[in-house]
Amino acid sequence: QVQLLESGGGSVQEGGHLRLSCVASGNIPSITCLSWFRQIPGREREGLVGILSRTGSTSYADSALARFTISRDIPKNTVYLQISSMRTEDTAMYFCAASTKALGLSKGACNGVDVWGQGTQVTVSS
């Protein structure tokens, strides 16, 4: 089994930046892909970016290309999401998600996500 724990959310002023962390534990070798999603109240969960475990290849959603950056620290089993030039519309719950199914990437997310973290809230104020 795999567990994911996000952190780094909080309140930030518009124009600021934030780095979210996702620490994976458990059966780490089974993780083939990690993604960041967000969910704005009243909207569907949105895939932002995914990264393949073996190659480090990434895929960003068009909406995330300009201001979101995924990175990872393999020894720490941690994936990060850097968000810059934040806007009020970035206010959302941000989730880390993993796939153990080796189905690759789609635009902005892993295919076959089967593990979710509990999320971390990000609030951007003007």
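Keep in mind that the numbers below use all heavy atoms, side chains included, and drop hydrogens, waters and symmetry copies.
Applying the salt bridge (charged side-chain N to carboxylate O under 4.0 Å, His left out) test to every pair with at least one member in residues 110-126, sequence neighbours left out, gives no pairs at all. Screening residues 97-110 for salt bridge (charged side-chain N to carboxylate O under 4.0 Å, His left out), with sequence neighbours left out, gives Asp62-Lys107.
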Residue pair Ser63, Glu46: steps toward the side-chain hydrogen bond (donor to acceptor under 3.5 Å, both in side chains) verdict
CA-CA 10 Å; Ser63 60; Glu46 172 191 13; 2.9 Å; yes
Test log, rule side-chain contact (heavy atoms from CB on, under 4.5 Å), inputs Leu52 and Leu105:
CA-CA 7 Å; Leu52 293 178; Leu105 283 166; 3.6 Å; yes
Take Trp36 and Ile51 through the side-chain contact (heavy atoms from CB on, under 4.5 Å) test and state the conclusion after the steps.
CA-CA 9 Å; Trp36 283 99; Ile51 184 167; over 6 Å; no
Taking it one step at a time, do Asp90 and Arg38 satisfy side-chain contact (heavy atoms from CB on, under 4.5 Å)?
CA-CA 9 Å; Asp90 293 325; Arg38 70 181 178 184; 2.9 Å; yes
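Side-chain contact, Ser125 with Gln13: a donor N or O sits under 3.5 Å from an acceptor N or O. Under 3.5 Å, the side chains of Asp73 and Thr78 contain no donor-acceptor pair of N or O atoms.
Not counting sequence neighbours, Ser84 has no partner by the side-chain hydrogen bond (donor to acceptor under 3.5 Å, both in side chains) test. Here Phe37 pairs with Trp116 under the ring-ring contact (aromatic ring centres under 6.0 Å, His included) rule; sequence neighbours left out.
For Ser126 against Glu14, the heavy-atom pair with the smallest separation is CB-OE1, 3.5 Å. Closest approach of Ser59 and Ser106 over heavy atoms only: OG-O, 3.0 Å.
Using a distance-only test at 3.5 Å, with no hydrogens or angles considered, no donor-acceptor pair links the side chain of Thr120 to the main chain of Ser7. Not a single donor-acceptor pair under 3.5 Å links the side chain of Thr123 to the backbone N or O of Ser11. Proximity of a side-chain donor or acceptor of Gln82 to a complementary backbone N or O of Phe68 within less than 3.5 Å is not detected.
Val124 is not listed as a side-chain neighbour of Arg87, based on a closest heavy-atom distance of 4.5 Å or more. At least one side-chain heavy atom of Leu18 sits under 4.5 Å from a side-chain heavy atom of Val122.
Clustering ILVMFWY residues whenever any of their side-chain heavy atoms sit less than 4.5 angstrom apart, transitively, puts Phe95 in a cluster other than the one holding Met86. Residues Ile70 and Leu4 are members of one and the same hydrophobic cluster, defined by side-chain heavy-atom contacts under 4.5 angstrom among Ile, Leu, Val, Met, Phe, Trp and Tyr. There is no path of hydrophobic side-chain contacts, each under 4.5 Å, that joins Val113 to Val49. The cluster map of Ile, Leu, Val, Met, Phe, Trp and Tyr, joined by side-chain heavy atoms under 4.5 Å apart, puts Ile40 and Leu48 in different clusters.
Between the CD1 atom of Ile83 and the OH atom of Tyr94 there is a distance of 4.0 Å, given to the nearest 0.5 Å. Remark: Glu6 CD to Gln121 CD distance equals 12.0 Å, nearest 0.5 Å.
Residue Glu89 qualifies as enclosed at atom CD: its count of foreign heavy atoms under 6.0 Å is above 12.
Chaining together hydrophobic side chains whose heavy atoms lie under 4.5 Å apart leaves Ile74 on its own.
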Would you tabulate the side-chain donor-acceptor contacts of residues 19-35 under 3.5 Å, counting partners in other chains and residues two or more places apart, or write 'none'?
{"unit_1": "Ser25", "atom_1": "OG", "unit_2": "Gln3", "atom_2": "OE1", "d": "3.4"}
{"unit_1": "Ser30", "atom_1": "OG", "unit_2": "Asn27", "atom_2": "O", "d": "2.6"}
{"unit_1": "Thr32", "atom_1": "OG1", "unit_2": "Ser99", "atom_2": "O", "d": "2.9"}
{"unit_1": "Thr32", "atom_1": "OG1", "unit_2": "Ala102", "atom_2": "N", "d": "3.2"}
{"unit_1": "Ser35", "atom_1": "OG", "unit_2": "Cys110", "atom_2": "N", "d": "2.6"}

